[in-house]
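Given the structure is predicted, the values throughout are model-derived calculations rather than measurements.
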Amino acid sequence: MDDKTVLSRISGLVEEEHKLRQQLSQGKISSDEEHSRLKELEESLDQCWDLLRRRRAARSAGHDPDAEQAHGVSEVESYLQ
């Protein structure tokens with residue numbers, strides 16, 4: 001996945017997040033449904049941002065950014081801030 005594809009995926013996830021919030025405010029989905037899907041979206045966004053950062057770091061270090069692969073949710077979500 002190249003940077004452009006990752007950024008496109010991030011945009012799609014953010015758009016879906018906005019739609020969820022709109023659906024909740026219009027009463028089309030429950031708060032529980034929104035929270036459940038938002039958690040999944042946030043995890044996917046974290047994975048995408050992590051991959052993008054690692055690709056950029058690899059490129060800066062003179063390495064092949066295409067060698068970077070997305071890490072699993074459990075790994076990305078357990079990073080120390």
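Val76 is not connected to Leu38 by any chain of hydrophobic side-chain contacts under 4.5 Å among Ile, Leu, Val, Met, Phe, Trp and Tyr, and they are in different clusters. Taking hydrophobic clusters as Ile, Leu, Val, Met, Phe, Trp and Tyr residues chained together by side-chain heavy-atom distances below 4.5 Å, Leu52 shares a cluster with Val14. The hydrophobic clustering, which links ILVMFWY residues whose side-chain heavy atoms are closer than 4.5 Å, places Val73 and Leu45 apart.
Considering CG of Leu41 and CG of Leu13, their distance stands at 6.0 Å, rounded to 0.5 Å. The structure places OG of Ser36 at 8.5 Å from CD of Glu33, a figure rounded to the nearest 0.5 Å. Rounding to the nearest 0.5 Å places OG of Ser74 at 9.5 Å from CD of Glu43. One distance of note links OH of Tyr79 with CG of Asp46; it measures 10.0 Å at 0.5 Å rounding. Going from atom CD of Gln69 over to atom CG of Leu51 covers 7.5 Å, rounded to the nearest 0.5 Å. Of the inter-residue distances, the one linking Glu40 atom CD with Leu20 atom CG reads 9.5 Å to the nearest 0.5 angstrom.
Residues in residues 12-25 take part in these salt bridge (charged side-chain N to carboxylate O under 4.0 Å, His left out) pairs, two or more places apart or across chains: Glu15-Lys19, Glu16-Arg37, Glu17-Arg21, Arg21-Glu34.
In this structure, the side chain of Ser78 engages the main chain of Glu75 through a donor-acceptor pair within 3.5 Å. With Arg59 contributing its side chain and Pro65 its backbone, the two residues share no donor-acceptor pair below 3.5 Å. Side-chain atoms of Gln47 come within 3.5 Å of backbone atoms of His71 as a donor-acceptor pair (strictly under, hydrogens ignored). Not one N or O on the side chain of Thr5 forms a donor-acceptor pair closer than 3.5 Å with the backbone of Met1.
Contact annotation: the side chain of Leu24 never approaches that of Lys28 to less than 4.5 Å [non-hydrogen atoms, C-beta and beyond]. The shortest side-chain heavy-atom distance between Trp49 and Val6 does not fall under the 4.5 Å cut-off.
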**Request:** Evaluate the salt bridge (charged side-chain N to carboxylate O under 4.0 Å, His left out) criterion for residues Arg54 and Glu68: first the C-alpha distance (whole Å), next the side-chain angles of each, then the deciding distance (0.1 Å), finally the verdict.
**Result:** CA-CA 7 Å; Arg54 287 187 296 105; Glu68 297 297 326; 2.6 Å; yes
**Request:** Take Arg55 and Asp2, measure what salt bridge (charged side-chain N to carboxylate O under 4.0 Å, His left out) needs, and give me the verdict at the end.
**Result:** CA-CA 8 Å; Arg55 287 181 53 81; Asp2 64 9; over 6 Å; no
**Request:** Any chance you could lay out the side chain to side chain contact (heavy atoms under 4.5 Å, CB included) test for Ser30 and His35, step after step, and finish with the verdict?
**Result:** CA-CA 9 Å; Ser30 70; His35 288 298; over 6 Å; no
